[in-house]
Amino acid sequence: MNLNKIIKPKSIAIIGISLSNPFNPANVIYHKNRHRYKAKTYCVNPKGGDIYGQQVYKSISDIPEKIDTVVISIKSDFVPAILKECIQAEVSGAIIISGGFTESGKEDLQNEIARIALENDFPVIGPNCLGVFFPPFVDTFFLSSERLIQIDEGSVSLISQSGGILVDQLIKLTQEGVGVSKALSIGNKAVIDEVEMLKYLKQDKDTKVIGIYIEGFKPDRGRDFINEINSAKKPVVLIKSGKTPGGNRAVSSHTASIAGDYFVFSEIVNNSAAIEAKSETEFVSFCESLAAYPGARIKGIGIITASGGHGAMASDGCFSNGINVPEIPNKDKTILHDTLSPSIKSIASLENPVDLTGSAVDNDFFSTTKFFMERDYIDAVMLLLLPYLPGLTSDIGARIAELTIIYKKPLLVYIPHVEKYGIFIEGFEINGIPVAHSVEGAVYMAKAVTRRSENKTIRR
């Protein structure tokens, strides 16, 4: 099925607009798209009339131009008939945000809309979903813009069975400075599932990293899903629910998915090109680092800190996640020692992690980063920065960013998430360097790039 016009439509029609309730989901979608997005937007209600001076059409066939996508927000029992009308009107696809299908015990009704769609090669997203978020073209999420933060544009695209989880991911990625290209909520996935969406995003030039929240698969689709991942040239990050008996029950009542045996799923994923995140925190960190370094390879990492405790935590985290923290040979310690400020030469610890102490200044962090970048046994650098140190300036990010351009090695940074440190964080992020707001997050970023390196080796 061709998904181009359903994901990037030039025109949309909202079916189910209310003439009296401005908070109706269809109304929220209509007004948001009409005033803020590029797709030309129409609305439909069998009663006709107007809303805020705009014509309300009685039927999709009354609209004077061909529609790319319809958004259906009506009682579930009426959806099959509306789908037939859309097909007759030569609409290119539909997004069904209405609930009340398999998740409510109405399996026959969902099977009917699937049959209609498949027989007519008519792409349908949903039902029971939020649909497509692809600014500046379209946003079918029935959430008012005032209730969300501004989502930054970027290269991570998301697929999710859960609309709520998807919105959470958008917010968390934005808070971490990660931009999003597209977010696709598939709900009950009666027709278009994660396999079809994955195929689309694999070919999408604006997507560098694909993040997927999965609850379960339709029968016989798990193998197709893994095959699509293994043929992807882009990193694919997965997070799954339904890992426990309780989670299985929740998944079944939510989107009526078949969650399956999580142990089997995890083993299959670990032997594929996918990277599984065990938590939402890992998921965000994985997407963040892979968006910055989708093709990097890491065997050994150098850690730089001004606090021995932070360095120890990072080193422990790397060890627990199978990330190598190589020892620095004595001859290299001498080289590093000679680059440091006189005031810290006698007190800095030149092991790996390198502890520059609280007396370090910008030049010490710069020269140590450069030292690691020049070592052939170091493939990436983790920089643990504490902006409250008196010797640090807000120029540190821009200066060190120059090294990543010269040496082409990943740099992963930790800076505490405090508003007054924003200028330090921006110095790195505007130069494409990912910043974690916990030591654990920095380790997760390293874990993702390391796992991606292993996957690239496996696939060769």
Side-chain angles (χ1 to χ4, degrees), residues 155-162 165-166 169 172-173 178 180-186 189 192-204 207-243 247 251 255 257-298 321-323 410 434 443-460:
S155 61
V156 176
S157 287
L158 304 173
I159 303 167
S160 178
Q161 285 184 248
S162 165
I165 292 292
L166 184 56
Q169 289 168 345
K172 289 171 183 175
L173 286 168
V178 183
V180 173
S181 175
K182 301 166 186 67
L184 308 168
S185 165
I186 56 177
K189 52 186 182 179
I192 301 299
D193 63 4
E194 58 283 323
V195 179
E196 296 298 326
M197 287 299 191
L198 184 54
K199 286 180 182 179
Y200 176 85
L201 292 178
K202 281 168 57 178
Q203 305 302 319
D204 179 42
T207 298
K208 290 184 180 178
V209 177
I210 303 170
I212 306 176
Y213 167 77
I214 190 79
E215 293 178 350
F217 300 99
K218 293 187 285 189
D220 302 321
R221 286 297 267 176
R223 184 182 298 275
D224 294 337
F225 181 66
I226 294 298
N227 288 340
E228 287 297 329
I229 288 174
N230 285 338
S231 65
K233 296 180 181 179
K234 305 171 183 180
V236 179
V237 181
L238 302 179
I239 184 169
K240 189 183 185 303
S241 62
K243 302 177 183 180
V251 163
T255 54
S257 294
I258 301 174
D261 187 310
Y262 173 69
F263 177 78
V264 174
F265 169 86
S266 190
E267 284 297 303
I268 292 172
V269 170
N270 286 337
N271 287 288
S272 76
I275 303 168
E276 185 188 3
K278 303 294 185 180
S279 67
E280 286 187 281
T281 303
E282 274 198 349
F283 183 87
V284 171
S285 295
F286 288 4
C287 289
E288 181 175 9
S289 58
L290 291 170
Y293 310 115
R297 299 189 66 184
I298 293 182
N321 287 284
I323 303 167
V443 171
Y444 289 159
M445 291 197 298
K447 178 181 177 180
V449 182
T450 303
R451 174 65 174 150
R452 172 68 175 165
S453 302
E454 296 168 351
N455 288 348
K456 289 174 69 177
T457 302
I458 288 170
R459 285 191 291 174
R460 274 196 289 270

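By convention here, the first residue in the shown sequence is residue 1.
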In sequence, state the C-alpha distance, the side-chain angles, and the governing distance for K447 and E282, and then conclude on side chain to side chain contact (heavy atoms under 4.5 Å, CB included).
-> CA-CA 9 Å; K447 178 181 177 180; E282 274 198 349; 2.9 Å; yes
Go through the steps to decide whether S266 and E276 satisfy the test side-chain hydrogen bond (donor to acceptor under 3.5 Å, both in side chains), and finish with yes or no.
-> CA-CA 8 Å; S266 190; E276 185 188 3; 3.0 Å; yes
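In this structure, CD1 on I212 lies 7.5 Å from CD on E194, to the nearest 0.5 angstrom. Here the CD1-CZ distance, from I268 to R223, works out to 8.0 Å after rounding to the nearest 0.5 Å. Separating the CD atom in E196 from the CG atom in L184 is a distance of 12.5 Å, to the nearest 0.5 Å. Taking CG of L173 as the reference point, atom CZ of F283 lies at 7.0 Å (rounded to 0.5 Å).
Considering only heavy atoms from C-beta on, Y293 comes within 4.5 Å of P434 through its side chain. Using a 4.5 Å heavy-atom threshold, the side chains of V284 and Q169 count as separate.
F217 and F225 have tilted rings, their planes meeting at an angle from 30° to 60° on a 0 to 90° scale.
A donor-acceptor pair shorter than 3.5 Å can be found between the side chains of Y213 and S241.
Between K182 and the options I210, L158, D204, a side-chain contact (heavy atoms from CB on, under 4.5 Å) holds for only D204.
In summary, K202 and E228 engage in a salt bridge, as defined by a charged side-chain N under 4.0 Å from a carboxylate O.
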